[in-house]
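Below is one structure; the comments refer to it alone.
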Amino acid sequence: MLPYPSSDASGESVSDPQSATPDKIRIIGGQQLKGTIPISGAKNAALKVMCAALLTDESLYLENMPNTLRDIASQTELLTHLGCTLSAEGDLMAINAKNVNELTAPYEIVRKMRGSILVLGPLLARFGEAKVSLPGGCAIGTRPVDLHIKGLEELGAEINLEGGYINAKAPKGLTGAKITFPKVSVGATENLMMAATLAKGETVLSNAAREPEIADLGECLVKMGAKIEGLGTDTIRIEGVKNLSGAHHSVLPDRIETGTYLIAAGMAGGTLKLQNARIEHLSAVMGLLAQAGMEIDQSGNDIIVHRNGLRLKGIDIMTEPYPGFPTDLQAQFMAMLTLAEGAAMVTENIFENRFMHVPELNRMGADITVQGNSAIIRGVKKLKGAEVMATDLRASVALVLAGLVAEGETVVNRIYHLERGYENIVEKLQGCGAQVEKTA
Ligand code: UD1
């Protein structure tokens, strides 16, 4: 395999608009979508299994990796900085952490992507020490990491915060403990699960998050020799082992990418076949799409989605931890509701500031009013193309979806956000008849 290209090569920050090369997507709305879209490996699982490689001095071989994503490049940059060797070819990646010689995850890398906090648990568990920059706030909310820190302290780590860094030490190793999370957190569950694999004795994580990406990470850890029970439930039991070994693991399909293209078909109309998808990870979304008026079928690992010419109906949604409706599909679903018949309400319960797509959608002719953590959407008959600004990953894609169905031309600025999490989105949509292109 080829050495993985460092994200240094692009020289671009994924979160800092000032330092990014200006780039845009131009869309001429009004084309129905017809064709097949292959679903990529899940970004939010891939980023975590990469960190799992830090737990062993043997090689971890990963398949179905969304290797072209910017977030994967950021995680690669971080692991390389720590001393790992990474190589990638197509959707394969190999990581070896035998020669880790650096235990600090610096601010310059961590600030690009919050997923980098996931090196904390593995580094601490294997090396007894880690220093990781606090990720800080981000566009969708303050996003603290107190649950990660408190959980690691319960495993016996000594942690102090200084100069914007988390300094963690466990010179005699971590010790298993019973940890009850006061709030459901995907990242804290993952960090603690990884740390506990090498702790002495048993760890029980209660009120754990149940997202499929966490179970995927857990399955990878089990292949590496970890002893874990209860994956996919809210109680995860981990019996610590002395060492983990290398393994082969294939990352699960991206349910958020899948849901995004289901909604694209709902908005633009037509028929899409989504290849290599897992319908069972989207049950909350499927029920709501059907309620809104879409037809969805399954054939093996493919999902076929169809909307005839009829207008969709407005329905209320509320984001919740899995298996509830995912916050990462809220912006896209709202974009769809702007054109539905009647009124709808969207309530965001996970992040406090996740309605930044609202003013942009309103500029395209939508009728959305925000009150606290709810938005009221009154369906309009059509959206009109406009120049809009992407503010975060999922908000950006919501604007692309709106552009697909808006009258005339839509230009979405700052598409580097999209490239963090959607592999080949322009090519995938073009392949289904959309008039979409990247422009400088
Ligand atoms: C992950 C996903 C993100 C998704 C989110 C919720 C990745 C890389 N990102 O983010 O796409 O939107 O799950 O499904 O997998 N919280 C605290 N203290 C903590 C940790 C979290 O208060 O220590 C709060 C957060 O601010 C938020 C809520 O808990 O309000 C849920 O966050 P969490 O599940 O931890 O999200 P992430 O793991 O950051």
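Computed from heavy atoms alone, side chains included, the values below leave out hydrogens, waters and symmetry copies. Keep in mind that this is a model prediction, so the values were computed, not measured. Atoms within each ligand, like the ligands themselves, are counted from 1 in listed order.
Under 4.0 Å from ligand 1, heavy atoms of V186 appear from its side chain as well as its backbone. With a 4.0 Å heavy-atom cut-off, ligand 1 is reached by the side chain of R114 but not by its N, CA, C or O. Residue-level proximity to ligand 1 for I350 is carried by backbone and side chain together, each with a heavy atom below 4.0 angstrom. Looking at K183 against ligand 1, only its side chain comes within 4.0 Å, counting heavy atoms. Only the side chain of K48 comes within contact range of ligand 1, with a heavy atom under 4.0 Å; no backbone atom does. Residue R354 touches ligand 1 through its side chain alone, judged by heavy-atom distances below 4.0 Å.
For the side chain to side chain contact (heavy atoms under 4.5 Å, CB included) test with N276, the passing option among D302, I37, L252, N64 is N64; the others fail.
Around NZ of K200, the count of heavy atoms belonging to other residues, nucleotides or ligands within 6.0 Å exceeds 12.
T327 meets the side-chain hydrogen bond (donor to acceptor under 3.5 Å, both in side chains) test with E348, R354; sequence neighbours excluded. Q298 meets the side chain to side chain contact (heavy atoms under 4.5 Å, CB included) test with I279; sequence neighbours excluded.
A side-chain N or O of T347 and one of S374 form a donor-acceptor pair less than 3.5 Å apart.
Checked by distance only, ligand 1 and P144 come closer than 3.5 Å through their nitrogen or oxygen atoms. Any N or O atom pair closer than 3.5 Å counts here, and D328 shares at least one such pair with ligand 1. The distance criterion of under 3.5 Å between nitrogen or oxygen atoms is met by G187 with respect to ligand 1. Geometrically, ligand 1 and T327 share no nitrogen or oxygen pair separated by less than 3.5 Å.
D316 contributes no side-chain N or O that, together with a main-chain N or O of A344, makes up a donor-acceptor pair within less than 3.5 Å. Put simply, the side chain of R307 gets close to the backbone of G266: a donor and an acceptor are under 3.5 Å apart.
In this structure, A209 falls outside the shell of residues with a heavy atom less than 4.0 angstrom from ligand 1.
Less than 4.0 angstrom separates some heavy atom of H148 from each of these atoms of ligand 1: 23 (O).
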- Query: Where do K223 and E219 land on the salt bridge (charged side-chain N to carboxylate O under 4.0 Å, His left out) test, with the steps shown first?
  - Reply: CA-CA 6 Å; K223 289 174 194 161; E219 281 162 25; 5.6 Å; no
